[in-house]
Structure formats: structure tokens, C-alpha cells
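The next block holds one structure in the form of C-alpha cells; read it before the comments.
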Amino acid sequence: MGNEHEITTEDQVSLPKTEAWATRAEFAQAGLMKQYWNSKRNLFDNLSPCNDLCNEKFHYWWQAHGVDTLVDAYVRTGDSAVKGYLANMFQGMLDRNGGAWPNDFYDDMEWLAIAWLRAYEATGDEQYKQAALLLWEDIKTGWNEEQGGGIAWRKPQLDYKNTPANAPAVILAARLYRQFGQAEDLKWAKKIYDWQKANLVDPESGFVWDGKNREGDSKIDKSWEFSYCQGVYIGAGVELYRVTGDKSYLADASRTAQASKARLTSPITGMLPSESNGDGGLFKGIFVRYLAELVLVDPSQKEFLDLLVTNANSLWTYGRDEQRVMFSKSWATSPEPAEDLSVNLSGVMLLERMAVLEKKGFLSQ
């Protein structure tokens with residue numbers, strides 16, 4: 001990404017087929033930086049093109065996925081320029097959040113902790129480790145016995161428990177255990193996972209529900225069907241399988257992936273739906289990130305690889321503005337004149353996952 005502006009659309013034609021997705025991912029990252037990076041704030045703009053009010057709201061969790069996406073680029077390239085952007089963003093987020101890491105939303109903090117942990121694993125920079133561990137200590141305070149356990153969604157509403165606050169916490173705890181070997185982190189991962197599975201996963205199909213007790217009535221929001229919730233539960237199962245070898249977690253993840261495919265993709269085209277802009281713009285990106293992790297640990301899951309390939313091909317062919325190097329909320333139609341950061345991040349995430357699958361030999365056939 002240090003030479004991001006040197007990549008042109010003409011370059012795509014002559015590149016060897018084996019490098020196609022890595023090159024597309026690089027092209028997408030270059031567009032992300034060109035269209036959204038704000039060097040004065042050391043953060044991404046919320047919208048491109050950015051108007052006077054575009055950055056009035058601090059989308060903490062969008063920026064967290066921005067960090068995660070930069071880590072994708074650094075892992076793929078080892079480019080020192082990307083490492084520099086990560087360091088700048090570390091300071092930018094601290095500045096924007098009042099000089100500290102925590103906020104009122106447990107799911108927001110989980111996403112940032114996951115991103116900084118990955119940044120630490122990729123760079124060895126101690127400041128990223130310390131940020132992840134500090135956030136993890138705060139996240140654990142969200143667990144309480146309302147609704148039989150689980151981590152709350154936000155600090156002012158401790159009796160509302162949802163998938164966005166619990167499944168990513170499992171991913172984080174399992175990865176912390178894998179990285180640092182603290183048995184207590186594995187206990188947390190299993191405890192949170194068990195609550196999530198018992199309370200917010202349909203026992204009949206494996207489809208994941210969004211939340212419980214949002215309005216203080218103990219009801220489950222079963223009508224909210226988001227790719228996000230499926231993705232994080234798949235990711236939770238994959239990460240627990242990685243650290244325990246227990247295939248029941250892998251079976252859970254596969255079952256949810258199957259239910260997701262049946263409920264969310266078009267039976268005709270195989271495409272995932274548009275989930276609008278705003279926060280919904282990130283949902284598909286999260287889903288494909290963790291669906292790809294399932295394929296990576298279980299290569300027999302070819303139908304899910306096919307789902308990723310179908311959506312990525314459509315994104316690149318139909319869901320991209322070639323001149324602006326931006327992506328659409330629908331991966332089958334052109335972007336709007338202005339698109340949220342969340343929407344564009346999802347497109348970049350999908351291409352980065354394809355580059356990983358390509359590198360690992362999954363796309364050679």
C-alpha cells in the first residue's frame with residue numbers, strides 16, 4: 001500500500017491468474033485509503049465523499065473494523081506504510097475517544113480488542129497487546145446473571161444480552177488463550193459460548209437470533225435476521241475448535257453456515273442480501289470474514305467456498321466503481337454517489353479473504 005496510487009485498472013488485465021485476488025485486494029485497499037483516510041484525524045472518514053458533517057459522529061466500531069482491515073493488508077504485504085497507518089490510527093482512536101480505550105458498548109470494545117490483538121500478532125508491537133488486554137478486562141465486567149448470564153450489549157442496559165456482544169467475545173477470548181496460554185481466557189470463551197448457544201441459537205436449524213430482553217420482557221428478537229449474527233457465531237465455533245480440537249464446535253459452525261446459506265442467500269443467484277448502509281453496511285463483511293475462517297479449517301466445506309467465490313466475483317464485476325475504487329452495499333449493483341465507510345470496508349474484507357484463500361491454494365481449481 002505504500003505505492004497504492006500506482007495501481008491502475010489496466011494492471012488487472014495482464015496479471016497472472018494466480019495473483020488475481022491478491023491484486024484486487026491491494027487495489028481495494030488503495031481505494032479505501034484514497035477515498036476514506038483522513039490524515040488530519042488519523043482515522044477513516046465515515047462517508048465518501050465526506051461533507052462538513054460526515055465525521056460528527058464517532059463510529060467506534062466502524063473504525064475498529066478499519067483497523068482489522070489494515071491488519072489484513074499488513075499480513076498480506078508486510079508493507080511498512082501499512083504498519084505506519086496502524087500506528088497513526090492507534091493514536092487517532094485514542095485522541096477521538098478522549099484518551100482512553102473503553103466506551104459504553106461491549107460489542108464495540110470487543111471488535112477493537114480483536115483488531116489490536118491481530119495487530120500485535122502481526123507486528124509484535126507491545127502497545128497493541130496492552131490495548132487489547134485493557135479492553136478485555138473491561139469487557140469481562142459486562143457478564144452478569146440477568147437472563148441467566150451472558151455479556152450485556154451496553155453499560156447503561158445490563159439486562160439486555162445479544163449475539164453482537166457475546167459471540168465476538170468468544171472469538172477474542174479464544175484468540176487470547178491461543179496467543180498467551182492463560183487458562184482463564186479459555187474458561188471465559190467456553191462459558192460465553194455455552195450461554196450464547198443455549199439462549200440465542202435456534203436448536204432446530206442453528207440459525208442465530210439477535211438478542212434477548214431488549215425491551216425488558218425476556219423476549220428474543222427472532223425476526224431480526226442479520227448475516228452479522230451468523231458470522232460471529234461461526235467465528236466463535238471456529239476459534240474454539242482451533243484451541244480445543246473439539247469437533248462439536250466445528251459442527252455448530254457448519255450448521256449455522258448451512259442455515260445462513262438457506263435463509264439469507266438468493267436461491268437463484270447465491271448472493272447475500274444488501275443490508276443497507278450505516279451499521280448494516282458492515283454485516284456482510286463480518287459474515288464473509290468468519291465464513292472464510294470456517295473454510296480454512298475445514299476444506300471439505302466446498303459449498304461455502306462457492307458462496308464466497310460467487311459473491312466476490314459479483315462484487316468485483318458489478319458492485320464496484322472502477323474509477324473511484326469503491327464498493328456498493330449490494331454486491332450486484334453499482335455504488336451510490338456517496339457510500340458509508342462501513343459499506344466499503346465490507347467489500348475490502350471480502351477481497352482480502354479471497355486473497356487468503358487464493359494464497360492457501362483453495363482457488364487453484
Applying salt bridge (Lys or Arg N to Asp or Glu O under 4.0 Å), run through Lys329 and Glu275 and close with a yes or a no.
CA-CA 7 Å; Lys329 60 185 71 67; Glu275 291 175 271; over 6 Å; no
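Partners of Ala25 under the side chain to side chain contact (heavy atoms under 4.5 Å, CB included) rule, at least two apart in sequence or in another chain, are Arg76, Leu351, Glu352, Ala355. Every ring pair (Phe, Tyr, Trp, His ring centres under 6.0 Å) that Tyr228 has, sequence neighbours left out, goes to Trp61, Phe283. Contacts of Glu126 classified as side chain to side chain contact (heavy atoms under 4.5 Å, CB included), with partners at least two apart in sequence or in another chain: Tyr120, Lys129, Gln130. Partners of Trp101 under the side-chain hydrogen bond (donor to acceptor under 3.5 Å, both in side chains) rule, at least two apart in sequence or in another chain, do not exist in this structure. The side chain to side chain contact (heavy atoms under 4.5 Å, CB included) check on Gln127 picks up Phe90, Asp125, with sequence neighbours excluded. Legend: residues meeting salt bridge (Lys or Arg N to Asp or Glu O under 4.0 Å) with Lys155, ordered by chain and number and at least two apart, are Asp138.
The local environment of NZ in Lys190 is sparse, with at most 12 non-hydrogen atoms from other residues, nucleotides or ligands closer than 6.0 Å. Heavy atoms of other residues, nucleotides or ligands lying less than 6.0 angstrom from OH of Tyr318 number 12 at most.
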Just distance, no hydrogens or angles: give the donor-acceptor pairs under 3.5 Å from side chains in residues 256-264, sequence neighbours left out.
unit_1	atom_1	unit_2	atom_2	d
Thr256	OG1	Gly206	O	2.7
Thr256	OG1	Asp252	O	3.4
Ser260	OG	Thr256	O	2.7
Lys261	NZ	Glu303	OE1	3.1
Arg263	NH2	Glu225	OE2	2.7

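Legend: salt bridge (Lys or Arg N to Asp or Glu O under 4.0 Å) pairs involving residues 279-295, not counting sequence neighbours, sorted by first then second residue: Asp68-Arg289, Asp72-Arg289, Arg242-Glu293, Glu293-Arg353. Legend: disulfide bond (SG atoms under 2.5 Å apart) pairs involving residues 43-133, not counting sequence neighbours, sorted by first then second residue: Cys50-Cys54. Residue pairs meeting the salt bridge (Lys or Arg N to Asp or Glu O under 4.0 Å) criterion with at least one partner in residues 85-104, sequence neighbours excluded, are absent. Sorted by first and then second residue, the ring-ring contact (aromatic ring centres under 6.0 Å, His included) pairs with a member in residues 144-168 read Phe105-Trp153, Trp153-Tyr160; sequence neighbours excluded. Among pairs with a residue in residues 234-280, those fulfilling ring-ring contact (aromatic ring centres under 6.0 Å, His included) read Tyr193-Tyr249, at least two apart in sequence or across chains.
Less than 6.0 angstrom separates the ring centroid of Trp37 from the ring centroid of Phe44.
A side-chain contact (heavy atoms from CB on, under 4.5 Å) with Glu110 holds for exactly one of Ile151, Val170, Val232; it is Ile151.
In this structure, Lys359 is not positioned above the aromatic face of Trp21 in the sense of NZ or CZ being under 6.0 Å from the six-membered ring centre and within 45° of the axis.
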